[in-house]
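Below is one structure, written out as structure tokens; the observations come after it.
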Amino acid sequence: MKITYCILGTFNSGGMERVLTNKANYLVNKGYEVNVVTTDQKGRKPFYALDPRIKTYDLGINYTDDLDRGILKRGAIYLKKQHLHQKKLAELLHTLKSDITISMFDNDASFITKINDGSKKVLEIHFSRFKRLQYGRSGLLGFIDKFRNKQDLRTVARFAKFVVLTHEDKGYWGDLPNIQVIPNANSFKRMGRAPLENKRVIAIGRLDYQKRFEDLIEAWIKVKETEPEWVLDIFGKGPLKTTLEEQIAQLNLTDVVRINEPVNNIQEEYLGSAMLALTSRYEGLPMALLEAQSCGLPMVAYACKCGPKDIIKNGENGFLVPEGDIGRIADNLLTLIADPELRSEMGGNAYLSSARYDEEAIMEQWESMFSDITKI
């Protein structure tokens, strides 16, 4: 069977790129032919290593070149690029003759089902139903967000299968006949639990509006007052790096809060930490939580849409905190810092619960779905 994935690019260090890489590598090792089609790769290497048997194609649309333009100019350019994108993708898909083409809910989602290349079309979303609204934008941009949010329901209905990551999100989309829940798998094999002895809290993610690291940094004021030997290590890159570094300096936290570049051996960083913190505004199914629990880390996270409530059982393998409650984030971190036995108990529960996200179990669901839709 031949599978083709469509995504903006594989050069980022984000969770979606990691998930795609893991699935593509798994499938090619099972004998599938796998292609990855990008629009904005620009010759950059994938951040996560793709198996050399996977064929990659970049269409050179480069949507991200226009992000700094005014909204009207950007809109006009976007429409032109959409036309070019559809033309180039159609030509490629007719050549590839795949059995299944999977859109990662990016710029191709609105038109890919119109391409009659013989492949079954699957849509895979890595955010929640309300992602577009969670930017909180007003004015023209806010109107566009609301309009596109309504259009999403029409878009997803046109696919043979629409895959969401959580049962919570499935509920938000409603009773769609083509919807199916398949969560992300653990990113790596479980190699045993972290000892939880290092005085370090880890946080992972792109340095942008979504991840809301400014709340976690602010919470660290209280942590430092009580536990000055503990440090916060944030791993990520993004447009808010300078802003976050300035916040750290202004709050006199430079000795205990560090922003680090993404690393490929992130499992070692988890194993060298005592817990994970997540303060996102929204998620799909955060890889950071899956990765942390597979290393036996207790977790402290905002109960945002979607994912944390699927993974964390409050008080058992971590703490769920109402969104925006910075004080509660700090208090729960301090609770775990002050109580090594509780930290160990929650870490053990996290490690055990990670088994339901093992790669083989998750990929069996994908393979079963592939088999079912190709028989239709």
Side-chain angles (χ1 to χ4, degrees), residues 191-207 211-238 240-263 265-280 286 288-289 291-302 308 312 314-322 324-351 354:
M191 296 171 56
R193 292 174 51 188
L196 309 182
E197 296 173 351
N198 291 339
K199 296 181 177 182
R200 180 171 85 153
V201 175
I202 192 172
I204 311 288
R206 182 167 167 77
L207 309 178
K211 298 300 182 180
R212 208 173 185 168
F213 284 124
E214 63 272 18
D215 282 17
L216 183 55
I217 293 169
E218 186 175 340
W220 211 263
I221 299 172
K222 189 172 183 179
V223 175
K224 182 180 178 181
E225 288 175 354
T226 307
E227 299 286 349
E229 294 182 357
W230 279 73
V231 300
L232 169 64
D233 270 327
I234 300 171
F235 287 85
K237 62 181 180 180
L240 295 185
K241 180 179 181 181
T242 299
T243 302
L244 295 173
E245 288 176 336
E246 290 173 351
Q247 180 189 11
I248 292 167
Q250 290 169 359
L251 297 177
N252 297 316
L253 297 174
T254 53
D255 56 330
V256 290
V257 179
R258 302 175 295 214
I259 294 181
N260 308 275
E261 287 290 312
V263 294
N265 61 335
I266 192 63
Q267 187 171 19
E268 294 180 14
E269 302 297 341
Y270 286 113
L271 292 171
S273 302
M275 66 193 82
L276 175 123
L278 184 144
T279 50
S280 296
L289 295 184
E291 292 168 348
Q293 71 168 1
S294 72
C295 293
L297 297 189
M299 301 159 285
V300 178
Y302 279 161
I312 298 176
N314 193 43
E316 293 186 23
N317 59 352
F319 293 111
L320 286 169
V321 177
D325 194 337
I326 297 173
R328 188 85 64 86
I329 286 285
D331 289 342
N332 285 334
L333 289 172
L334 285 168
T335 295
L336 288 168
I337 287 172
D339 192 339
E341 290 186 4
L342 177 63
R343 204 158 68 231
S344 179
E345 178 185 346
M346 284 191 170
N349 291 337
Y351 184 76
S354 70

Handout entry: Asn317 (side chain) donor-acceptor with Met346 (main chain) under 3.5 angstrom
Key = no
Handout entry: Arg193 side-chain N/O to Ser344 backbone N/O, donor-acceptor pair under 3.5 Å
Key = yes
Nearest heavy atoms of [X] and [Y], plus distance in Å:
{"X": "Leu276", "Y": "Ala288", "result": "CD1-O, 3.8 Å"}
{"X": "Pro195", "Y": "Leu271", "result": "CD-O, 3.5 Å"}
{"X": "Gln293", "Y": "Ser354", "result": "NE2-CA, 3.5 Å"}
{"X": "Tyr351", "Y": "Gly192", "result": "OH-N, 3.7 Å"}
{"X": "Trp220", "Y": "Val201", "result": "CH2-CG2, 3.6 Å"}
{"X": "Gly318", "Y": "Ile312", "result": "C-CG2, 3.8 Å"}

Completion exercise
Which of Leu232, Asn198, Leu297 passes side chain to side chain contact (heavy atoms under 4.5 Å, CB included) with Ser273? Answer is Leu297
Practice task
List for me each residue that meets side chain to side chain contact (heavy atoms under 4.5 Å, CB included) alongside Ala274, sequence neighbours excluded, and say none if there are none.
Solution key: Trp230, Arg343
Handout entry: Cationic N near anionic O, under 4.0 Å, Glu269 to Arg200
Key = yes
Problem - salt_bridge(Lys241, Glu261) N-O dist < 4.0 Å - result: yes
How long is the span from the [atom1] atom in [X] to the [atom2] atom in [Y], to the nearest 0.5 Å?
{"X": "Leu336", "Y": "Met299", "atom1": "CG", "atom2": "CE", "value": "10.5 Å"}
{"X": "Lys237", "Y": "Ile259", "atom1": "NZ", "atom2": "CD1", "value": "14.0 Å"}
{"X": "Arg258", "Y": "Phe235", "atom1": "CZ", "atom2": "CZ", "value": "8.0 Å"}
{"X": "Glu218", "Y": "Ile326", "atom1": "CD", "atom2": "CD1", "value": "4.0 Å"}
{"X": "Ile329", "Y": "Tyr302", "atom1": "CD1", "atom2": "OH", "value": "5.0 Å"}
{"X": "Ile204", "Y": "Asn260", "atom1": "CD1", "atom2": "CG", "value": "8.5 Å"}

Practice task
Sort and list the pairs that fulfil salt bridge (charged side-chain N to carboxylate O under 4.0 Å, His left out) and have at least one residue in residues 326-338, not counting sequence neighbours.
Solution key: Lys222-Asp331, Asp325-Arg328
Sequence neighbours excluded and cut-off under 3.5 Å, please list the side-chain donor-acceptor pairs for residues 243-257, or say none.
from: Gln247; atom 1: NE2; to: Glu214; atom 2: O; distance (Å): 3.0
from: Asp255; atom 1: OD1; to: Lys224; atom 2: NZ; distance (Å): 3.1

Problem - Note, Ile234 side chain near Phe213 side chain (heavy atom, < 4.5 Å) - result: yes
Problem - Residue pair Arg212 / Ser280, side-chain heavy-atom distance below 4.5 Å - result: no
